[in-house]
Amino acid sequence: MSFVFEKLRGVRDFYPEDFHGRKVIYGNLSGTAKNYGFKEVCTPSIESLDIFTKKSGEAIVDEIYSFNDKGGRGICLIPELTPSVVRMVVQRQKVLTKPVKWFSLSRHWRYERPQKGRQREFYQFNVDIFGSRSSRADFEILSCGIDCLLNLGIDNFMFHLSDRNILGAFFESLHLPVNEAFTVVDKRNKVDEPEFRSMLSDMGMDDEGYDSLIGLLDINGNVNDCADLILEDYPALGDKAVIALKNLREVGDLLKNYGFEENCKFDLSIVRGLAYYTDMVFEVFDKKKSLRSLFGGGRYDDLVQLLGGQSMPAVGFAIGLPLLEILMKESGIWPEPDFGPDFFVVTIGDVEKEALRIIKLLRKDHTVEYSLGSKNMSNQMNLANNLGAKKVIIIGERDIKEGVFSLKDMASGTQEQVVLEEFVKRYC
RNA sequence: GCCGGGGUAGGGUAGUCUGGUCUAUCCUAAAGGACUGUGGAUCCUUUGACUCGGGUUCAAAUCUCGGCCCUGGCCCCA
C-alpha cells in the first residue's frame with residue numbers, strides 16, 4: 001500500500017453493519033416520538049455563528065467548527081440543535097399551533113478532543129415542546145424520554161430530576177452568586193470532600209450553610225416524598241423554591257399515574273452546568289453510573305426571547321447516539337443486520353433470458369441477487385453462501401427446457417425440483 | 001489546549017525490554033484453483049503490514065525526537 005487517506009480525527013465511517021444499527025435505533029426513537037404526537041423537523045447543518053455566540057458567549061467559538069464564507073459571513077457547523085429549532089419556531093411563532101411539539105435527528109460538530117462517547121461529528125435525537133409552561137409539558141418530555149429508552153430495550157437507567165430554582169433559592173438566601181455556586185455543585189462528583197468544601201467557602205459559604213447544602217444534595221428518593229421533605233424542612237427557601245417544588249410534585253404525580261415513578265428519582269445535584277436551563281432539569285444515568293450521564297434535558301423558558309422571539313416557554317431533551325450505542329452494545333441488544341438476500345439465482349449455461357425474467361418478478365417483493373461475473377457454478381454457490389442467501393434458485397440449460405429448475409434451501413441443504421410457472425404463481 | 005496508554009496485512013496477533021538471515025510469525029479474511037450441475041469441510045496458490053518523517057548506528061519493527069491517528073482522562077460539555 002503506497003498511500004491511503006485516513007479519516008479525520010473524531011469522525012466515523014458507517015459501514016453497512018454500522019449504518020444498519022443506526023437506522024434501526026433512529027427508527028425506534030422516531031416511532032416513540034411520533035406516538036407522543038411529535039412531528040419531525042430538519043434544520044440546516046450550517047448556521048450563522050452569531051446565533052451560538054448570542055446564546056453561549058464568545059468562548060464557544062473555540063469549541064466549534066466555524067469559518068467565514070466567501071461573502072465574509074461568520075458561519076459554523078451546528079454544535080447543537082436547540083438554537084436552530086428555536087429560530088424555526090420564532091420565524092413562524094405567530095401561526096404555529098401551540099404547544100409546538102417537534103423532534104429531529106440531527107448531525108452535529110464540535111471541535112474538541114474525542115473521548116468515550118464524544119466524537120467531533122455525532123448524531124443527536126432531539127425532542128422539544130414550545131409554548132407550554134404546564135407541569136404536563138415537563139412530564140410529557142420525561143415520559144417520552146423514558147419510553148425512548150424502554151422501547152430500545154434499555155431498562156437499567158434512572159432519571160435524576162431537579163429544578164434549578166430550589167438550589168438557586170438556597171444560594172440566594174445565603175447571598176451567594178447562584179451561577180458560580182451551580183458550577184461548583186456540578187463538580188461535586190469530581191473532587192474530594194475537603195476540596196468541595198473549600199471551593200464553597202472561598203465563595204463565602206460558612207459551615208452552617210455547607211451542612212445545609214450537603215443535607216439538600218443528599219436528599220434522595222421518590223420525587224414527591226423528597227419535595228414534601230424540603231417544603232417541611234427548609235421553610236426559608238422562599239416563593240421560587242416553593243413553586244418549583246410544587247411543580248415537581250405535580251410532575252411526580254403524573255409520573256406515578258403513568259407508571260413511570262420507578263424510573264425517576266429526586267436529585268438536587270443535577271444542575272446541568274451553566275446551560276440555558278431555567279427550571280426543571282434532569283439527567284439520565286445508567287444504574288451502575290459507570291458511564292457519564294446518558295443524556296439530559298430540561299426547561300429553558302428564556303431562550304426563545306433571547307433569540308429574538310416573543311417570550312415563550314420551552315422544554316426538551318437531546319440524546320446523543322454514541323452513548324446509546326455503547327450502552328446497547330454492553331447490554332447485548334445492539335441490532336445486528338441480516339443482509340442475506342431472499343433468493344440467489346445461479347445460472348448454468350445460456351439461460352439468461354429465463355433467469356432475468358424470474359429475477360425481475362421476484363424483485364417486486366423480495367431481495368434477489370445473482371452473480372455479476374461470469375463464474376462457474378461452484379463460485380456462484382460460494383457467493384450465495386457468503387452473501388447469506390436464504391434460498392438458491394438453480395437454472396440450468398438441461399432442466400429449463402422442461403420448464404423446471406432447482407430450488408435449494410441453504411440452511412437445511414434440501415433441494416427440490418420446481419415447475420417454473422407454478423413457482424411464478426406462488427412467489428411473484 | 002493539557003496529562004497518560006497505544007499504533008505490525010481488511011480483522012486479530014508473535015517479534016520490541018536485550019538493535020543483527022525479520023527476506024517479519026501464526027490465525028482469520030478475501031480472490032482463484034483442485035471441482036465447466038451444487039455452498040459450509042480439506043488441500044494448494046495468490047493478495048496483503050512494521051503509522052509518517054528526522055536522528056543515532058556498520059545495521060532500526062526494535063533505541064531516540066517530532067508529527068499524525070486511536071484510546072482513557074482533564075478543561076469544556078452548549
Side-chain angles (χ1 to χ4, degrees), chain A residues 1-13 15 17 47 51-64 76 78-86 108-120 122 124 126 183 186-187 190-191 271-277 281 283 290-293 295-298 300 303 306-307 316-318 320 322-323 326 340 344-351 371 373-400 404-415 417:
Chain A
M1 196 181 307
S2 57
F3 182 79
V4 289
F5 285 108
E6 291 183 337
K7 67 183 173 62
L8 294 175
R9 164 177 285 184
V11 298
R12 175 171 178 193
D13 297 316
Y15 288 89
E17 51 282 8
E47 288 280 356
I51 195 171
F52 292 98
T53 54
K54 180 120 188 168
K55 170 174 163 281
S56 308
E58 290 294 334
I60 197 179
V61 176
D62 294 334
E63 290 153 28
I64 63 183
C76 68
I78 56 172
E80 60 166 324
L81 186 80
T82 312
S84 304
V85 169
V86 169
H108 300 290
W109 297 264
R110 292 182 187 175
Y111 193 81
E112 62 184 355
R113 185 92 185 177
Q115 291 176 40
K116 189 173 192 180
R118 292 177 69 176
Q119 296 280 294
R120 286 186 168 183
F122 59 97
Q124 270 190 352
N126 303 265
T183 310
D186 207 28
K187 297 250 186 302
K190 286 189 175 178
V191 300
V271 296
R272 303 284 291 154
L274 274 179
Y276 45 78
Y277 294 105
V281 286
E283 276 185 31
S290 58
L291 298 165
R292 66 185 75 230
S293 90
F295 69 96
Y300 50 102
L303 191 62
L306 180 69
L307 294 183
F317 69 81
L323 269 171
I326 292 170
F344 186 98
V345 176
V346 168
T347 59
I348 307 153
D350 182 21
V351 292
S371 172
S374 57
K375 294 179 173 173
N376 64 33
M377 186 169 181
S378 184
N379 284 119
Q380 294 184 61
M381 288 302 294
N382 211 344
L383 181 56
N385 187 51
N386 288 346
L387 289 172
K390 315 282 188 303
K391 290 184 191 300
V392 169
I393 290 170
I394 301 161
I395 302 177
E397 276 182 349
R398 200 191 290 163
D399 301 328
I400 204 68
V404 298
F405 63 83
S406 299
L407 180 65
K408 179 164 187 166
D409 182 278
M410 291 297 274
S412 65
T414 56
Q415 189 167 321
Q417 285 263 305

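Chain naming here is simple, since letters A, B, ... match the order of the sequence lines and numbering starts at 1 in each.
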[X] side chain, from C-beta outward: closest of [options]:
{"X": "A:Asn385", "options": "B:G39, B:C70, B:A31", "result": "B:G39"}
{"X": "A:Ser378", "options": "B:G1, B:C35, B:C76", "result": "B:C35"}
{"X": "A:Arg398", "options": "B:C70, B:G37, B:A78", "result": "B:G37"}
{"X": "A:Gln119", "options": "B:C77, B:A78, B:U71", "result": "B:U71"}

Counting only side-chain N and O atoms of [X], is one of them less than 4.0 Å from OP1 or OP2 of [N]?
{"X": "A:Arg9", "N": "B:C69", "answer": "yes"}
{"X": "A:Lys116", "N": "B:C70", "answer": "no"}
{"X": "A:Asn379", "N": "B:C35", "answer": "no"}
{"X": "A:Lys190", "N": "B:C75", "answer": "yes"}

For the [atom1] atoms, the ones on [N] and on [M], what distance do you get once it is rounded to whole angstrom?
{"N": "B:C52", "M": "B:U38", "atom1": "C1'", "answer": "49 Å"}
{"N": "B:C68", "M": "B:G10", "atom1": "P", "answer": "23 Å"}
{"N": "B:A60", "M": "B:U8", "atom1": "C1'", "answer": "14 Å"}
{"N": "B:C43", "M": "B:A24", "atom1": "C1'", "answer": "25 Å"}
{"N": "B:U46", "M": "B:G4", "atom1": "P", "answer": "46 Å"}
{"N": "B:G53", "M": "B:A9", "atom1": "P", "answer": "16 Å"}

- prompt: Rounded to whole angstrom units, what separation is found between the NZ atom of A:Lys390 and the P atom of B:G40?
  reply: 19 Å

State whether the distance check finds a donor on one side and an acceptor on the other, under 3.5 Å, for side chain [X] versus base [N].
{"X": "A:Asn386", "N": "B:G39", "result": "no"}
{"X": "A:Arg110", "N": "B:A78", "result": "yes"}
{"X": "A:Gln415", "N": "B:U38", "result": "yes"}
{"X": "A:Arg113", "N": "B:C77", "result": "no"}

field: Partners passing side-chain contact (heavy atoms from CB on, under 4.5 Å) against A:Asn376 (at least two apart in sequence or in another chain)
entry: A:Ser378, A:Asn379

query: Does A:Glu112 or A:Met410 map to a spot on RNA chain B nearer the 5' end, using the closest nucleotide for each?
result: A:Met410

message: Looking at A:Glu80, is its backbone amide N or carbonyl O close enough to the side chain of A:Gln124 to form a donor-acceptor pair, meaning the two atoms are under 3.5 Å apart?
response: no

task: Check for a donor-acceptor pair, side chain of A:Lys7 on one end and backbone N or O of A:Arg12 on the other, with a separation under 3.5 Å.
output: no

field: A:Tyr300 and A:Tyr276 aromatic ring geometry - parallel, tilted or perpendicular at 30°/60° bounds
entry: perpendicular

task: Name the nucleic acid region contacted by A:Lys187, choosing base, sugar-phosphate or nothing; use a 4.0 angstrom heavy-atom cut-off, strictly under.
output: sugar-phosphate

query: Under 4.0 angstrom, heavy atoms only, what part of the nucleic acid is A:Ile64 near: base, sugar-phosphate, or nothing?
result: base

message: Which nucleotide, if any, forms a Watson-Crick or G-U wobble pair with B:A31, using both distances under 3.5 Å?
response: B:U45

